[in-house]
2 protein chains.
Amino acid sequence: MGTTAKALALLDQFSIDRPEIGLSDFHRLVGRDKATVHRYLTELEQAGFVEQDPVTRVYRPGPAVLRLATIRETCFPLKSAVEPVVRAAAKELGELVHFSLLQGGALAPVAHHDPHQHGTAVFFDEGAMLPLHGTASGISMLAFGPDALWSGIGAAPLRDFTGQTPTDEPTLRRLSEAARDAGYALADRTFDADVVSVAMPVFGPHAAASGAVAVAAPAGRMNDALRERAIETLRRIAPVLGQSLGGRMPAKTEAQDA
Amino acid sequence: MGTTAKALALLDQFSIDRPEIGLSDFHRLVGRDKATVHRYLTELEQAGFVEQDPVTRVYRPGPAVLRLATIRETCFPLKSAVEPVVRAAAKELGELVHFSLLQGGALAPVAHHDPHQHGTAVFFDEGAMLPLHGTASGISMLAFGPDALWSGIGAAPLRDFTGQTPTDEPTLRRLSEAARDAGYALADRTFDADVVSVAMPVFGPHAAASGAVAVAAPAGRMNDALRERAIETLRRIAPVLGQSLGGRMPAKTEAQDA
């Protein structure tokens, strides 16, 4: 790792829960000597990547990140960043893959791709919001998303889409716990009578999931083999999609926590 | 300048108009040898600060900037960053200073401070939008903001607030040109019959102004001396406020262009 990468690695220590870090804490967190850490911080400050509070002397992310984030989002909006990932996964699996983000109490589709490799296809309307209680994406949000989502459950009667849709809080709690244990959610004909889907949460910079990525297939095709392949693919692409939201690749986080 | 600062300086080359840069263009823009530039880019890519298009091989701002921008805006929203700057300027001048951002076809106040050093004060409602045609802030937006603002002028009759408010396009064009020449706009009793104000544009990462900062005083106090002091103060704080929007300090830009 070069000097620049080492200096920039200091910025990985910032999070929503830890938005300000003092020199001593940096020293403790990254295990380098204070003089080196101070030199890195001075260079990062010079370039606008950190700024120091004039009173408390703690550091926080600097204004340069706002400028670069604006350029990135203006010129390469999220959709164009995630579409190739979703498309490649769909082609690999031969099934519909869709990625959606939490918006209020439902999921808004951001990207989807159906490779049309089969005679039957799952109909997906990118303009329609996905309900939390009826879809695999929604169950993974209830399991890994912000706790506040649960306040919407039970506020109004939940629609039964297929006769198999979970519509009561105890059932949803059970499904959400199962998803937390497994790391993915499964929806077996709960939104459409002919569709089974598997979904995983997608984490951005926040501690709770910001969205979900799912594979949906006609029930007749979603056998054990396809489900296993779908889970493998989702496990691989969920962190990549999360990175497009400004999340960190989990591997990096683990390396740091070690 | 240390290695890290030199590597990060590459990122200053990105802009809304130039969101992607190839290795050769970096080499040409920063005047360093290609091997060094490539080494910097590799380290920046490793840390997520640039990402390379797999097909065209050009570089663009990477996902790490989104993560840090989210942390900064969630934990230190713009308002808290600009308030100390506005307050210090107001205390220094002894008059009301306000900062507002373009929102649709008007300016939305973000921060203001009145030091109440005099028996009379300008009333400022932070909840009310500032019209472009009636205020110094608005004239500086017409002069330095996006061209599209002019399409709103003449679309509907403009309100005459004081009998001295410019309400026709030719007059506004003339005032806007005068502001462009001077670098600031002056509004002499055009919004309130007793108030004179001076404003300057604030530039974020975009080429057109994103907002304006103004000094407003009762007409009787805004003499030549105060106007000159106000202009000096605004000239000093406008780039600082712009930096809080993710803009670059002009001094840095000049140094780079030199």
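The sequence lines fix the lettering, A, B, ..., with proteins before strands; numbering per chain opens at 1. Treat the numbers as computed from the prediction; the structure is a model and nothing was measured.
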Salt bridge (charged side-chain N to carboxylate O under 4.0 Å, His left out): pairs with one or both residues in residues 99-110 of chain B, sequence neighbours excluded =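 Checked against salt bridge (charged side-chain N to carboxylate O under 4.0 Å, His left out) - neighbours excluded - no pair reaches residues 99-110 of chain B.
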If you look only at pairs with a residue in residues 103-113 of chain A, which of them pass as a salt bridge (charged side-chain N to carboxylate O under 4.0 Å, His left out), with sequence neighbours excluded?
->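 Residue pairs with at least one partner in residues 103-113 of chain A: there are none.
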Sort by residue number and list every member of residues 83-97 of chain B having a non-hydrogen atom under 4.5 Å from chain A.
->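 Expected list: none.
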In residues 62-73 of chain B, which residues are in contact with chain A at a heavy-atom separation under 4.5 Å?
->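 From residues 62-73 of chain B, the residues near chain A are G62(B), P63(B), V65(B), L66(B), R67(B), L68(B), A69(B), T70(B), I71(B), R72(B), E73(B).
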Atom CG of D33(B) with >12 non-hydrogen neighbours under 6.0 angstrom |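 Atom CG in D33(B) is crowded, with more than 12 foreign heavy atoms closer than 6.0 Å.
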Is it the backbone or the side chain of E51(A) that comes under 4.5 Å from a heavy atom of chain B, or both, or neither?
->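 Only the side chain of E51(A) comes within 4.5 Å of chain B.
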Heavy-atom contact with chain B under 4.5 Å, split by part of T74(A) =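 The side chain, not the backbone.
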Spatial distance of atom OG1 (T4(B)) from atom CZ (R39(A)) [nearest 0.5 Å] =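 Between atom OG1 of T4(B) and atom CZ of R39(A) there are 8.0 Å.
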Under 4.5 Å, counting heavy-atom pairs only, tell me which of P205(B), G247(B), A81(B), G204(B) racks up the most with chain A.
->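 The residue among P205(B), G247(B), A81(B), G204(B) with the greatest pair count is P205(B).
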Contact leader toward chain A among T3(B), L245(B), L8(B), where contacts are heavy-atom pairs under 4.5 Å |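 Most heavy-atom pairs under 4.5 Å with chain A: L8(B).
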For P61(A) and F76(B), work out which heavy atoms get closest and say how close.
->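 So the two residues come closest at CD-CE1, 4.5 Å.
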Where does F14(B) contact chain A at under 4.5 Å (heavy atoms): side chain, backbone, both or neither?
->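 Both parts, backbone and side chain.
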